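Working notes for the structure below.
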Amino acid sequence: MKFTLKIWRQKNADDKGRMVSYKVDDISPDSSFLEMLDQLNQQLIAKGEDPVSFDHDCREGICGACGLYINGRPHGPLKGTTTCQLHMRAFRSGETICVEPWRSGAFPVVKDLIVDRSALDKIIQAGGYISINSGGLPDANTIPVPKHDADDAFDAAACIGCGACVAACSNASPMLFVGAKVSHLALLPQGRIEATRRVQQMVAAMDALGFGNCSNTYACQAECPKEISIANIARMNREFLTAKLFAEKEKNIGFTL
Amino acid sequence: MDTTGQRTFSSIASKVLMALAGVFLLVFLAVHLGINMLLLVDDGGKSFSAAAGFMSSYPVIRVFELALFGGFALHIVFGVIVSIRNRQSRPIRYQHRSITETSPFSKYMLHSGVVVFIFLVLHFIDFYFIKIGIVAPPTGIERHDFYSRAVVLFSDNTYSAIYLVSFVVLGFHLNHALQAATQTLGLNHPRYTPLINAASALYAMIIAGGFMAIPLRFTLFN
Amino acid sequence: MIKLNANAPGVPLADQWDAYKAGCKLVSPNNKRKLDIIVVGTGLAGASAAATLGQLGYNVKSFCYQDTPRRAHSIAAQGGINAAKNYQNDGDNVFRLFYDTIKGGDYRSRESNVYRLASISPEIIDICVAQGVPFAREYGGLLANRSFGGAQVSRTFYARGQTGQQLLIGAYSAMSRQIAAGTVQLYSRRDVLDIVVVDGKARGIIARNLVTGEIERHSAHAVVLATGGYGNIFYLSTNAMGSNATPAWSAYKKGALFANPCFTQIHPTCIPVHGEFQSKLTLMSESLRNDGRIWVPKEKSDAELIRQKKLRPEQIHESKRDYYLERRYPAFGNLVPRDVASRAAKERCDAGFGVGSTGLAVYLDFGDAIERLGRAEISARYGNLFQMYQRIVDDNPYRTPMMIYPAVHYTMGGLWVDYELMTTVPGLYSIGECNFSDHGANRLGASALMQGLADGYFVLPYTISGYLSHEINTPPIPTTLPEFHLAARDVTDRLDRLKKSNGKESVDHFHRKLGKIMWEYCGMSRNEAGLTKALGLIEELKAEFASGVNIPGGLKEYNPELEKAWRVEDFIELGDLMVRDALHRKESCGGHFREEYQTPDHEALRNDDEFAYVAAWEHKGRNDEPEMHREELRFETVTPSQRSYK
């Protein structure tokens, strides 16, 4: 197969950046999208040019490192698929493929197709955990969890932190990411204990980092490689409202809505 | 890390206020449609004028009128705030247009909202400002005679066309409104959400269809 | 020769860890604040260690090459985590888990460490559940278990096919909490390129900031390496693209011994290779073997037709199929340990019965299971794996049997550590897959996650305090010491040299070449002639690389080719050591199969009289051969026996 690639090239964070066209041929339909880029890079290296930088690691769809905006969609045309698990058989030979980095004010470009997603880490640091230490813990089976809740919690916890929700959202909002973490922990009895505080802190951190707001287009759900449901955003909203309106002992969070 | 207190209204709170105001406006629309439907009664506007008279004089309704303006203001102000924040969140835009499949009208809530707002201004000039005396009524029509005013306006095809288009747009706006509001308020449930979505679409059709029936009747049958 | 002693407490096995903890020196809270610890790597071992040490109040500096700690490759582990909870009341206990691990490791691991691992295992599940890890549950709300990798008890806890991900997110969250609390400082997108040793003690690292290219010096009172395994030496493996041996290898060059490097695990159920430009292999969870049946055609002619795509597997009649694992190992059948299953697949393919376009694949058939349990049940158990397979191979495994082939997956070898997980360099610790300690010559399924978390949450936090209790009067280590200057200069020099080599071939070219040598001569089965040949080939490759590599881009910028070049250069050197180790070990055990040493029916033939020891290699400088030291393995509680799965 052969393709024309239009790829965003940007030397570093200060560079302005631009789209550059490349041609690749002799691509196997069984190649993954990243293997196709590997092949392009081998060409570029042979010519003494700078290869295209992109984030990737596990290449089996679980680490969340890869993430390219391909022809107007995060992770390309297939549903529930990360870029590394997207194979070239999903494209027509001869097609022009436009490849861009995630775009969000909170995700500045590092180089070419690599963006800095540490904002997502900061949201987790604001409360995406259960505050326990590694000792003196009760036996695991003393905390029964209804199977249905455990399954729902798992569905939310399947998030790989790739940022496709932000990339897809017309407002660059990470609400699916935040909603998934809030839901994962709020659905479990262990997580309920600090649920009130957690949701408020995580939402505050999200707002402070300059992300946009949800406008219910559900683009995030459509593009999430783990197909996480927007029901998790609703759950976050519910948790947040309940916390703000009815929590009595959360004085340290302040009275702002 | 304590990152609280950065904004007076958090992202979610802004949305919730906007949604609540929107839901309130949905109720208002139903009442307004109910009264307007009286225009279709073939009694030379007697029942319509009676209802309109009641609405503009009964004190409780006057209080609600203020609440209504508040609702509009809240809905619009938060709509604008949220939209501004949203635009700032992606300073560098994509080169390739997004082809993500989303529900068709959800992306254009701001656009449809603006169209509805323009219509609202026109509507105010034509009716409400006349009623409260800011704008002088056209010659030959009494300040409180909404019926004659409507008849005159709908006899103008351009006005009717603007009216019809505005309500098509409002229909699109409403189609997404109820389902978005329930989602924002955290009311998502595997069993009821599909029903709410259906109800939302149905409500939009009733409101838009109902209002549009009036100029159509005047244009087609007069 | 260095006298290697694990220094396990001299009390009966079952009491050792309690005795150790009772006698272990502690550091008081006000002193903990004054002590710095560097943790390299943020996988299960690294993240759990950083989180726990942070909770205790030490100043932790955590390093990873990824953009965020949550991407470490532990995330890709699928199947589950073992723990001797005996929730199923099926006869499991600590001793049984210990025994299974020692036996599964083909009696090449240390009793004291393995026993401790087994005894700690139940606590790991407690901490994970408390953190909110969504393990699979029964309708009664309690935890579910499954039997894994041929274990006779159901002791594996799992979270669908994403157990590693969920455990890592748990550890990452715990670590994030400490980052917020200020006790852990995160340095992401850093390659750790050297270990700094001052007066014989590990005191810091030299790191390269991958974004700016800056060479940074970081100091601490102790350094912990949790950098995972070196499976990427084979180029194609199930490891992540960035997984590398560099920090462990620089520790080796600074005096830490490297133990049993030839013990690598080949996982039997991976998706076969499809072509030249393939960059990595994808593992399919071993749990598939619980219900899938492995076979190849009985007739070579059928296999030939399949390879030419003239025949489909569904068309081959039951009587013409060779379920070779069930035939050879009637007791365990498709559930024999990984090394046995892998070798059997290779044996059939080498004999000409392989399928797939390359002939390097066997079938994993769910036909019977679907008939017995129904498609819905199979989908509930393995749905995500089937989906992943279909996405990669473009074939429907519900209809056509899956094709699988063994691939490099895990390395049992690693830095030599004592009972306290300290290497031979004082103050330098190694935890998780990075050390050699618990899995002997072969690791059992669902035990890697167990070891990583045991080391990080429960073992290291105790043992490191013993060491640090002697350091409470040591002020923060200045990075201006001559040792830091020297190490930083060495790193800069090496980077300059790499950049200047001005050759023609890309780094991948050399990596692929190295991978082929290792897979061919030091892979699933090895022999003296092949290994000797490999030594020569690696020597040639080393020279070719030095003059022939082409690295575009600059030193002071984001430059992935430069990162890879450094890693591949280390891999080439490590390859040499692996081959030496494989050559010297004249026996077959676990993942190390020497063709010269097998039983008449082609099973691995161990030699306990001569080789019941850990081979720990010492670096002797660039131009000298490494020296081997032995830690004799004494089996006081279990008696080594020939593994039999018939």
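No hydrogens, no waters, no symmetry mates; every other heavy atom, side chains included, goes into these values. Just so it is clear, the structure is predicted and the values come from calculations on it, not from any experiment. In what follows, every chain begins at residue 1, and chains take the letters A, B, ... in the order their sequences are listed.
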Problem set entry | Steps toward ring-ring contact (aromatic ring centres under 6.0 Å, His included) verdict (A:Phe177, A:Phe211) | CA-CA 12 Å; A:Phe177 172 83; A:Phe211 286 107; 8.5 Å; no
Among [options], which residue forms the greatest number of heavy-atom pairs with chain A at distances under 4.5 Å?
{"options": "B:His96, B:Glu101, B:Met109", "value": "B:His96"}
{"options": "B:Thr193, B:Ile99, B:Val82, B:Leu185", "value": "B:Ile99"}
{"options": "B:Thr182, B:Val16, B:Thr102", "value": "B:Thr102"}

For this session: Kindly say whether the aromatic ring centers of A:Phe3 and A:Tyr22 come within a distance under 6.0 Å.
Result: no
Exercise. What part of A:Pro74 lies closer than 4.5 angstrom to a heavy atom of chain B: side chain, backbone, both or neither?
Worked result: side chain
Problem set entry | Residue A:Ile233 versus chain B: region with a heavy atom under 4.5 Å | both
Exercise. Which residue out of A:Leu209, A:Ile230, A:Val203 racks up the most heavy-atom pairs below 4.5 Å with chain B?
Worked result: A:Ile230
Exercise. Picking from A:Cys169, A:Pro77, A:Gly17, A:Ser173, which has the most non-hydrogen pairs under 4.5 angstrom with chain B?
Worked result: A:Cys169
Exercise. Any idea how B:Phe64 and B:Phe24 line up, ring-wise: parallel (<30°), tilted (30 to 60°), or perpendicular (>60°)?
Worked result: parallel
Exercise. Parallel under 30°, tilted from 30 to 60°, perpendicular over 60°: which one fits the rings of B:His123 and B:His32?
Worked result: tilted
Exercise. Taking the six-membered ring of A:Trp8, is the NZ or CZ of A:Arg103 close enough (under 6.0 Å from the centre) and on axis enough (within 45°)?
Worked result: yes
Exercise. With the threshold set at 4.0 Å, does a side-chain nitrogen-carboxylate oxygen contact exist between A:Glu194 and A:Arg197?
Worked result: no
Exercise. For B:His189, is it the side chain, the backbone, both, or neither that has a heavy atom closer than 4.5 Å to a heavy atom of chain A?
Worked result: neither
